[in-house]
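Note that the structure is predicted; figures quoted are calculated from it, not measured. Here is the naming used below: chain letters follow the sequence lines, and residue numbers restart at 1 for every chain.
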Number of protein chains: 2
Amino acid sequence: MESFKLFLKSIVPLSDQEFENYRQYFKARTLPRNSYFAEIGKTSNEAAFIKKGLLRTYYINEKYEEMTSCFCEENNLTASYKSFISQQPSELSIQAVEDTELITINYTDLQNLYQQSPIWQNIGRTIAERQYMVMEQYASVLCNETAKQKYLRLLKEQPSIINKVSIKDMASYLGITRRTLSRIRKEITK
Amino acid sequence: MESFKLFLKSIVPLSDQEFENYRQYFKARTLPRNSYFAEIGKTSNEAAFIKKGLLRTYYINEKYEEMTSCFCEENNLTASYKSFISQQPSELSIQAVEDTELITINYTDLQNLYQQSPIWQNIGRTIAERQYMVMEQYASVLCNETAKQKYLRLLKEQPSIINKVSIKDMASYLGITRRTLSRIRKEITK
DNA sequence: TAAATTCGAGGACATTTGTCCTTTCAAACA
DNA sequence: TGTTTGAAAGGACAAATGTCCTCGAATTTA
């Protein structure tokens, strides 16, 4: 729970006392490798802070292929945001790549927090703004860099995931085919 | 101001009285064609609702080319969000494609609104969440569709901008070159 | 254990997209 | 009015990326 408190303090002013006051709303939970935090078609009623581990977010495209849209590492938040926010069925599945420890909050409790305290309204808004900026950055990168640049960026910015996820998933995360990624990897190692 | 009120009401519950209470924080302003709402290097201290008109958001890439990242049409919000939220110099310029009417709020006043009322905290959070979802959609489209699919989507989803913006800007918005867009347009008309 | 399946590498070829260039046309301007 | 500038179309070629395929190794399943 300590790492979650530090995470919150890094984005908004928050005293230990204030954190303690609302602590009971948050639950610790482990997610075994390959199990799901969210599933396509089910309304997602939890958001989570990743204390330890790695999660993969994907959707199914019109060719029935899994398209990975996100790898979430520890010390980050994850959720099927659209489903969680709108309380509609999820278009995304979120699966544990390895055994993962989460701190979660459910939708109803979060709405209660928002009702109870402007502190949490502020935290919620700030987090949404941050997520927006992260997504903007991701969009800009994926649309304007070549396949090779994107792979090199992944190596640099998320080196720890390279040995944990499949080539297939990495390729779809980068928006390229396996064949292209194979070529790039060969060229890099040479 | 009416259209702005309707816009707000479409995203959060808001009574006419509540809107009137805070109305004085918002200023109407016109932006002549080609003038700027935000400029690269300057800290952006306003966010705006577009009552009428069209704005283009762009940045300068490493080859000193203008890269268009957004066309914002009427009944939408615009801002150099990152700069506005963080109050750091903007990486984006926002320019009027045609004479445009805005309803704006400045950073300090918005912070005051957040302080004064949970209604505005809620509006701010909801808007941030919405912007996130829009950006997620944009990222997904641009990364997973072909040049032709993206152009057809633009024709379908933002038909009104086609005759207002240059081919050059449209191409960079779609993440493709002018040459490619020229080929696609030729193919479509045939 | 044996069979079946999945995954990753990479060959051969096709398609898409980009680069560089020229031409034309229209708008801006002295 | 004549000149300049910039936008758009498109030719020729190059580079990047995708498609389809096979192979061998690893993994899963019966």
Problem - Nucleotides bounding contact with chain B, strand DNA chain C, heavy-atom threshold 4.0 Å - result: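 Answer, 5' to 3': C/dT17 to C/dC20.
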Problem - Minimum side-chain heavy-atom gap B/Ile105-B/Leu113 below 4.5 Å - result: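 Yes - at least one pair of side-chain heavy atoms lies under 4.5 Å apart.
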Keeping the roles fixed (side chain from [X], backbone from [Y]), state whether a donor-acceptor pair exists under 3.5 Å.
X: A/Glu74; Y: A/Gly53; value: yes
X: B/Thr100; Y: B/Leu54; value: yes
X: B/Thr68; Y: B/Ser172; value: no
X: A/Gln87; Y: A/Phe84; value: yes

Distances for protein N/O vs nucleotides 4-9 of chain D N/O pairs under 3.5 angstrom?
from	atom 1	to	atom 2	distance (Å)
D/dA8	OP1	B/Ile167	N	3.1
D/dA8	OP2	B/Ile167	N	3.4
D/dA8	OP2	B/Lys168	N	3.4

Exercise for the section: Determine whether the side chains of B/Gln131 and B/Tyr81 contain a donor N or O and an acceptor N or O closer than 3.5 Å. Expected result: yes
Exercise for the section: Give a yes-or-no answer on whether the side chains of A/Glu187 and A/Tyr151 include a donor-acceptor pair shorter than 3.5 Å. Expected result: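 No, no side-chain donor-acceptor pair sits under 3.5 Å.
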Practice task
With B/Glu101 as reference, evaluate B/Lys51, B/Arg29, B/Lys52 under the salt bridge (charged side-chain N to carboxylate O under 4.0 Å, His left out) test and give the passing residue.
Solution key: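 Between B/Glu101 and the candidates, salt bridge (charged side-chain N to carboxylate O under 4.0 Å, His left out) is satisfied uniquely by B/Lys51.
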In whole Å, I'd like the distance from the [atom1] atom of [X] to the [atom2] atom of [N].
X: A/Asn144; N: D/dA16; atom1: CG; atom2: P; result: 17 Å
X: A/Glu145; N: D/dT17; atom1: CD; atom2: C1'; result: 17 Å
X: A/Leu152; N: D/dA16; atom1: CG; atom2: P; result: 14 Å
X: A/Lys148; N: D/dT17; atom1: NZ; atom2: P; result: 10 Å

Practice task
Report the residue (A/Ile184 or B/Arg179) whose heavy-atom-nearest nucleotide on DNA chain D is the more 5′ of the two.
Solution key: B/Arg179
Problem - A/Glu73/A/Lys164 salt bridge by N-O under 4.0 Å criterion - result: no
Handout entry: Neighbour count >12 (heavy atoms, 6.0 Å) for atom NZ, B/Lys9
Key = yes
Practice task
For B/Arg178, look at atom CZ and say whether over 12 heavy atoms of other residues, nucleotides or ligands are found less than 6.0 Å away.
Solution key: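 Count not over threshold, so no.
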Exercise for the section: Please give the angle, rounded to 10 degrees, between the axes at the start and the end of the helix from C/dT1-D/dA30 to C/dA30-D/dT1, where five pairs define each axis. Expected result: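 For the helix from C/dT1-D/dA30 to C/dA30-D/dT1, the axes at opposite ends meet at about 40°.
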